[in-house]
Amino acid sequence: MITPDDLRAIAAWSRDLTQPEFEEARRGVSFRIYGKGSNICHVGDRLESWTGVAEGLVKMSTTSKTGKSATLAGMRAGAWFGEGTVIKAEPRRYELVALRETRLALMRRSTFMWLFEHSAAFNRFLVHQFNERLAQFIAIAETDRTLDSTARLARNLAWLFNPTLYPGQDRTLVVSQEELGLLAGMSRQIANQGLAKLEALGLLEVGHGSVTIRDLERLARYEG
DNA sequence: GCATTAACAGCCG
DNA sequence: CGGCTGTTAATGC
């Protein structure tokens, strides 16, 4: 079972629960580690747990009929996902890949359903998260075909700093240019060029193995 | 033109 | 040292 401090650290939603709700959540969470590049699940898998990223970096993507892979969301430590699959008790509709060594927190379906039935705070969190994801997916539908590589990079980066999905995060993320390339669907070299462009515009600052956001609003809206 | 892979020197932790 | 960065060359759609 996860310690209270660890749960609070990796799950912003847990901080708003009542004491009994928090204890119920704590009892239902366990961990699992995935190696770099490993598949967490394929389309159609019945990964029945609600899932949080405790450490690492995960890509959620779909593959079109023509075989092209498109990123739906990048998720860093603190992200939680899979509620749609758990609530509807249906197979996953997307692929999940660990872009680096990743530790996932798995919440039993029964625990999730208990919180869903009993906790107002938990439901508030779910609504906010649904709302944010919907906005992201609408953005994909609107613009994905026309965006150049730099704009795709900008959007994928902005997701990782979404203040609703990651409340209280600072402006710096430890992430390599290769990982950003994997996330945004481009080679490391092109990710490198894109970062240089965005840095020149003052939207972010590139460090050695890290990125610091300077202007999240403009980064999220960047379209070339 | 814009992307990819391969290669490599240089830098950083 | 090992990993990451910045850059170039060769090549492909």
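We name chains A, B, ... by the order of the sequence lines, and we start the count at 1 in each one.
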For [X] and [N], give me the distance from atom [atom1] to atom [atom2], rounded to whole Å.
| X | N | atom1 | atom2 | value |
| --- | --- | --- | --- | --- |
| A/Leu153 | B/dC2 | CG | P | 16 Å |
| A/Ile190 | C/dT5 | CD1 | P | 15 Å |
| A/Met186 | B/dT5 | CE | C1' | 16 Å |
| A/Glu178 | C/dT5 | CD | C1' | 11 Å |
| A/Lys197 | C/dG6 | NZ | P | 16 Å |
| A/His208 | B/dG10 | NE2 | P | 15 Å |

Do A/Tyr166 and A/Trp80 belong to the same hydrophobic cluster, where Ile, Leu, Val, Met, Phe, Trp and Tyr are linked whenever their side-chain heavy atoms lie under 4.5 Å apart, directly or via other members?
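Not linked; separate clusters.
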ILVMFWY cluster, A/Leu173 and A/Leu182 together (side-chain gap under 4.5 Å):
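Yes, one cluster joins them.
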Taking only the side-chain heavy atoms of [X] (C-beta and beyond), determine which of [options] contains the nearest atom.
| X | options | answer |
| --- | --- | --- |
| A/Arg188 | B/dT4, B/dC11, C/dT7 | C/dT7 |
| A/Gln177 | B/dT4, C/dG6, C/dC4 | C/dG6 |
| A/Gln189 | C/dT8, C/dG6, B/dA3 | C/dT8 |

Can you spot which of A/Phe116, A/Phe112, A/Phe81 makes a ring-ring contact (aromatic ring centres under 6.0 Å, His included) with A/Trp50?
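Testing A/Trp50 for a ring-ring contact (aromatic ring centres under 6.0 Å, His included) against A/Phe116, A/Phe112, A/Phe81 leaves exactly one candidate, A/Phe112.
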Using a cut-off of less than 4.0 Å, is there contact between a side-chain N or O of A/Asn192 and OP1 or OP2 of C/dT5?
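No, outside the criterion.
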Side-chain N,O (A/Ser149) to OP1/OP2 (B/dA3) below 4.0 Å:
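For B/dA3, OP1 or OP2 has a side-chain N or O of A/Ser149 closer than 4.0 Å.
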Can you see whether A/Gln169 engages A/Arg76 through a side-chain donor-acceptor pair at a distance of less than 3.5 angstrom?
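Yes, A/Arg76 and A/Gln169 have a side-chain donor paired with an acceptor closer than 3.5 Å.
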Give A/Ser176 one of three labels, base, sugar-phosphate or nothing, depending on what nucleic acid heavy atoms sit under 4.0 Å from its own.
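Sugar-phosphate only.
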